[in-house]
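Written out below as structure tokens is the structure these notes cover.
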Amino acid sequence: MNNKEAYNIKVVKFGGSSLASAEQFVKVANIIKADSARKFVVPSAPGKRFSGDTKVTDMLYECYNVSAAGGNIDEIFDKVCERYNLIISGLGIDFDLTDEYQHIKWAILHHAGRDYAASRGEYLNGMILAKYLGFDFIDPAPYIRFRDDGVFNAEITNSLLAEELKKHETGVIPGFYGSMPNGTIRTFSRGGSDITGSIVSRAVEADLYENWTDVNGFLMADPRIVDNPKGIEFITYRELRELSYMGAGVLHEDAIFPVRFAGIPINIRNTNDPSDPGTMIVSNTDVYDSESIITGIAGKKGFCVITIEKAMMNAEKGFGRKVLEAIEHENISFEHLPSGIDTMSVVLNRSEIAGCRERLVNRICNAVEPDAISIEEGLALVAVVGRGMVKAKGTAVRVFKAAAEAGINIRMIDQGSSELNIIIGVDESDFEKSMGAIYNEFVK
Ligand code: ASP
């Protein structure tokens, strides 16, 4: 489906920079009004208006911190109210949030909690947007539910929210939060309004989830590293998952699951450039496939590798389990597991082992009595992702050739069994050079 008439219901999520000021609100309203399928809107809290500005969510966290430390929040809380009042006056609407401000301030001072404080950014922005658009305001707290252990409860949420949203022709549902079984407010992790948009899309069985931000969708590589990278027109959920896991920003990682489950495509769009089609995220690209072998390159620094050597390791039953159990005991999750006949390597996030290095090594030594064990720091991972790799022969060779020609030593290789990605480990000092060399090999 490419023409907008083909869609009956679209859920539209707008990020913080899209709703940072009255001018941005006007752009958002124009986008919504331009297409009657845009029935359900999920706003973030006001973000930065210029570099150096502060996001409202950060100001609200500050309110919580100051209040929890017994300080006075008057000044910082007034700044929050001022942000909203500026939007209201800039839009020229007759709307007064004074009672809301008073209640929120009182609640923050009376221990309503960190998540409650942060969630009010979306709550207030949603109220203004609903008023401005003439849409119903729907507080997600009673419908978006978390379990006692803090994990999002997808199924209960879906039935409660679907039931509620049936009652509304159009609505604004603030992003980022829901509630715990005892009724207290709980937020998703930072950037979590993307998840709310995805949850709402599933609940209303939307035809499309539009996620409006301040860039024209996904780029094939990070523009801070690769000069002027090409945009990605179509990408599958699985490819996106690989890329965002490896650090490609724009969309919250967990936002993919609800819509993917329901088979709803996501369209990343730019509020400041609405005529650009952005990036379409779909389950299957057969209909619109392109020539390119790779879809994108992403990577991260900050990894380390534990290498465990033991003669005849391959014949020792339970060896891998014991190593992984030792890691689990330290409450660490591992990233990759490239292994040889008599060696096993575990790639971990360096920050995770910072406080327990010695203990972890001892634990592994006690568990499997290795001949040698070492931890190497300073590893960066680069993921080359593309559905086209399944068909194209020699992709790995081209990745290695590009690295070799740029004088880069590859310290680790891991090709996912899906043939959707090739991950290489390089020295952190070679990270940027590797990304550039691989991009040039495939794209230029
Ligand atoms: N306002 C929240 C944050 O800054 C959530 C979001 O914008 O998606 O993280």
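Note that the structure is a prediction, hence the values are computed from the model and not measured. Each ligand, and each atom within it, is numbered from 1 in the order the structure gives. Every heavy atom of this structure was used, including side-chain atoms; hydrogens, water molecules and symmetry mates were not.
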Which residue supplies the protein heavy atom nearest to [atom], what is that atom called, and how far is it?
atom	result
atom 3 (C) of ligand 1	Arg190 NE, 3.3 Å
atom 7 (O) of ligand 1	Ser44 OG, 3.1 Å
atom 6 (C) of ligand 1	Ser193 OG, 3.4 Å

> Less than 3.5 Å between some nitrogen or oxygen of Lys13 and one of ligand 1, yes or no?
Replying inline: no

> For ligand 1, which part of His252 has a heavy atom less than 4.0 Å away: the side chain, the backbone, both, or neither?
Replying inline: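 For His252, no heavy atom sits under 4.0 Å from ligand 1.
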
> Should you measure from each heavy atom of Glu122, which atoms of ligand 1 turn up under 4.0 Å away?
Replying inline: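 By the 4.0 Å cutoff, the relevant atoms are 1 (N), 2 (C), 5 (C), 6 (C), 7 (O).
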
>> Please tell me whether Ser429 and Asp427 have a donor and an acceptor in their side chains that are separated by less than 3.5 angstrom.
In response: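 There is no such pair (donor and acceptor under 3.5 Å, judged by atom type) between the side chains of Ser429 and Asp427.
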
>> Yes or no: does Gly175 have any heavy atom under 4.0 Å from an atom of ligand 1?
In response: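 Gly175: no contact with ligand 1 (<4.0 Å).
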
> Is the closest heavy-atom distance from Gly191 to ligand 1 below 4.0 Å?
Replying inline: yes

>> Out of the candidates Phe137, Tyr116, Phe176, only one should pair with Tyr123 under the ring-ring contact (aromatic ring centres under 6.0 Å, His included) rule; please name it.
In response: Phe137

> Are the aromatic ring centres of Phe261 and Tyr237 under 6.0 angstrom apart?
Replying inline: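 Between Phe261 and Tyr237, the centre distance exceeds or equals 6.0 Å.
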
> Going by the angle between their ring planes, with limits at 30° and 60°, are Phe146 and Phe188 parallel, tilted or perpendicular?
Replying inline: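 The arrangement is tilted - the two ring planes meet at 30° to 60°.
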
>> By the definition side-chain hydrogen bond (donor to acceptor under 3.5 Å, both in side chains), identify the one residue from Arg350, Lys300, Lys301 that meets it with Glu428.
In response: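 Output: one option passes, namely Arg350.
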
> Relative to Tyr177, does Arg120 satisfy both conditions: NZ or CZ under 6.0 angstrom from the six-membered ring centre, and within 45 degrees of the ring's axis?
Replying inline: yes

